[in-house]
Amino acid sequence: DAGVIQSPRHEVTEMGQEVTLRCKPISGHNSLFWYRQTMMRGLELLIYFNNNVPIDDSGMPEDRFSAKMPNASFSTLKIQPSEPRDSAVYFCASSPHVGTGELFFGEGSRLTVL
Amino acid sequence: AQSVSQHNHHVILSEAASLELGCNYSYGGTVNLFWYVQYPGQHLQLLLKYFSGDPLVKGIKGFEAEFIKSKFSFNLRKPSVQWSDTAEYFCAARPSGGGNKLTFGTGTQLKVEL
């Protein structure tokens with residue numbers, strides 16, 4: 001079975017540009033998570049969805065960040081406008097159902113904002 | 001606030017040495033605890049988890065972890081490491097019954113030398 005698929009794997013952009021990261025969760029999983037990984041702060045949960053509905057977005061840094069899940073097989077994380085401090089690896093993860101605690105991660109999208 | 005601390009940021013060991021990575025959590029109630037591993041160039045994957053019962057849990061690849069409630073700790077151990085154990089290790093926690101919202105530690109980078 002295919003795992004969680006993220007794109008792009010690497011993105012280099014200039015400050016002020018819009019960035020869109022994409023995620024396809026494992027089929028049948030109904031929870032989806034966006035995490036950000038930096039050296040200073042480690043892995044931070046940005047937002048998570050259950051059954052396509054955002055449940056907790058308290059980790060979203062500011063209004064420049066937005067996430068959507070229009071259907072069970074696709075989610076986006078958008079940064080507009082991007083800033084150098086947004087440089088990080090962004091992970092998407094999915095889970096079969098709430099309560100198991102096991103997350104299945106994608107390989108991450110490494111974002112560099114110049 | 002809920003938090004997970006990993007005090008060792010970088011660990012270097014020789015093959016066959018014993019490993020212990022520290023993890024402490026700060027939660028008000030009952031917790032579920034996890035260790036995830038990220039091998040170079042790969043995605044995070046679950047190594048082991050503790051929900052209840054025997055506080056000594058065994059995971060994949062010879063890893064084990066011990067939950068010590070009085071110390072709020074969940075240290076990861078392996079009696080004899082291999083070069084292939086070189087990876088980044090993340091401790092994570094969530095309140096029991098708290099959905100899949102995991103709080104991660106900042107990670108420990110383990111390098112095993114031949």
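So that the names make sense, note that chain A is the first sequence line, chain B the second, and so on, each numbered from 1.
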>> If I compare all heavy atoms of A:Q37 with all of B:E88, which pair ends up nearest, and what's the gap?
In response: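 Heavy atoms only, the tightest pair is NE2-OE1, 3.9 Å.
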
For residues [X] and [Y]: do they belong to one hydrophobic cluster (side chain heavy atoms under 4.5 Å, members Ile, Leu, Val, Met, Phe, Trp, Tyr)?
X: B:L46; Y: A:F105; answer: yes
X: B:L102; Y: A:L46; answer: no
X: A:F49; Y: A:Y90; answer: yes
X: B:V57; Y: B:L76; answer: yes
X: B:V37; Y: B:W83; answer: no

Would you find more than 12 non-hydrogen atoms of other residues, nucleotides or ligands less than 6.0 Å from [X] atom [atom1]?
X: A:E14; atom1: CD; value: no
X: B:K49; atom1: NZ; value: yes
X: B:R77; atom1: CZ; value: yes

inquiry  = Using only non-hydrogen atoms and a strict under-4.5 angstrom cutoff, which residues of residues 51-67 of chain A touch chain B?
reply    =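 From residues 51-67 of chain A, the residues near chain B are A:D56, A:S58.
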
Worksheet entry | Any side-chain heavy-atom pair of A:L103 and B:F34 under 4.5 Å |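 SC-SC contact between A:L103 and B:F34 ruled out.
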
Next item on the list: Heavy-atom distances under 4.5 Å only: say whether B:Q38 touches chain A with side chain, backbone, both or neither.
Entry: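 The side chain, not the backbone.
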
- Would you give the length of the straight line joining atom CD of A:E44 to atom OG1 of B:T103, rounded to the nearest 0.5 angstrom?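 One finds 11.0 Å between CD of A:E44 and OG1 of B:T103.
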
Under 4.5 Å from any heavy atom of chain B, what part of A:F104 do you find: side chain, backbone, both or neither?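 For A:F104, no heavy atom lies under 4.5 Å from chain B.
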
| task | Please confirm whether the backbone N or O of B:F104 pairs with a side-chain atom of A:Y35, one donor and one acceptor, at under 3.5 Å? | result |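 Between the backbone of B:F104 and the side chain of A:Y35 there is no qualifying donor-acceptor contact (under 3.5 Å).
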
